[in-house]
Amino acid sequence: MSAPAASLSVDTTAPAIRVVGVTKVFGTVPVLRGISFDLERGKVLSIIGASGSGKSTLLRCLNYLERPTSGEIWIDGEQINPAQIARVRAEVGMVFQQFNLWPHMTVAQNVMEALLRVRKLPITEARARAEHYLAKVNMLEAGARYPAKLSGGQQQRVAIARALAMEPQIMLFDEATSSLDPELTSEVLDVMRGLATDGMTMVVVTHEMGFARDVSDRVMFLHQGVIEEDGAPALVFSHPASERCRQFLSKYLG
């Protein structure tokens with residue numbers, strides 16, 4: 001049995017995330033063009049922008065699902081490199097648009113799997129932790145059910161519980177509600193609001209402008225792989241300096 005991935009060392013004086021000059025090129029197409037920003041611990045950053053602006057690529061670079069073409073990414077004061085991918089993914093949880101639950105496993109088993117295989121927890125401890133985080137997203141009673149028996153909103157809440165059970169330092173959300181209808185979207189956003197209230201450091205790629213405006217500490221607008229706007233929600237939504245950001249918000253906010 002392989003040893004569990006070592007945790008990243010935490011420098012509490014450093015930003016939770018530091019991105020320095022990150023670029024990403026697919027073939028000959030530049031998708032990210034020198035992205036730099038810091039995110040302080042316990043803050044919520046929402047990234048908005050049109051499809052193809054580089055939002056999801058940036059998010060995937062933060063935990064090395066995509067390897068940046070150039071630039072630096074620091075997590076909790078430690079610079080990340082390809083040799084640390086397993087460590088990064090253990091400490092940086094990610095929730096995707098698609099739920100990616102294993103259909104042949106129950107809800108509880110889905111949440112326990114990484115705890116057993118990656119964290120190497122004893123089964124009793126893994127089960128207790130899975131139950132704790134399922135309760136946190138109001139899905140404890142569904143532990144013995146299979147994903148096919150759940151609604152989309154319920155499946156996404158299980159996916160969030162699975163990520164939280166690893167007890168990451170940071171949570172990334174990539175359009176976590178975009179495949180859900182409005183009622184189910186509300187379920188998932190309520191869970192995300194609760195995480196923000198609890199002080200979880202979060203980076204959220206979203207088209208939910210209400211969430212970005214009301215829950216975020218900071219909003220970043222990407223256009224063609226460049227940060228065009230970055231600031232407090234009240235400022236970005238009320239007085240954007242970028243004409244492209246104004247056009248984007250007028251489309252979504254009427």
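All values below come from the heavy atoms of this structure, side chains included, with hydrogens, waters and symmetry mates left out. All values derive from a computational prediction rather than experimental measurement.
Remark: K43 does not engage E40 in a salt bridge, criterion side-chain N to carboxylate O under 4.0 Å. Between E91 and R119 there is a salt bridge, since a side-chain N of the basic residue sits under 4.0 Å from a carboxylate O of the acidic one. Contact check on E113 versus R117 returns a salt bridge, with a Lys/Arg side-chain nitrogen under 4.0 Å from an Asp/Glu carboxylate oxygen. A salt bridge links D198 to K136: at least one charged side-chain nitrogen sits closer than 4.0 Å to a carboxylate oxygen. Taking the charged nitrogens against the carboxylate oxygens, D76 and R41 do have a contact shorter than 4.0 Å, which makes a salt bridge. Look at R218 and D230 and you find a salt bridge, because one of the NZ, NE, NH1 or NH2 atoms lies within 4.0 Å of a carboxylate O, short of that distance.
No hydrogens or angles considered: a donor-acceptor pair under 3.5 Å links the side chains of E167 and Y133. Side-chain contact, Q97 with S179: no donor N or O sits under 3.5 Å from an acceptor N or O.
Within the 4.5 Å cutoff, the side chain of E66 has heavy atoms near those of the F26 side chain. V95 has its side chain out of reach of D174: every pair of non-hydrogen atoms, C-beta onward, lies at least 4.5 Å apart.
Under the 30°/60° scheme for interplanar angles, the aromatic rings of F221 and F248 are found to be tilted.
Residues satisfying the side-chain contact (heavy atoms from CB on, under 4.5 Å) test with R213, not counting sequence neighbours, are F237, L253. Partners of Q224 according to the side-chain contact (heavy atoms from CB on, under 4.5 Å) rule, which considers only residues two or more places apart in sequence or in another chain, do not exist here.
Within a 6.0 Å radius of CZ in R246, other residues, nucleotides and ligands contribute more than 12 heavy atoms.
Taking each heavy atom of D38 and V19 in turn, the nearest pair found is OD1-N, 4.4 Å.
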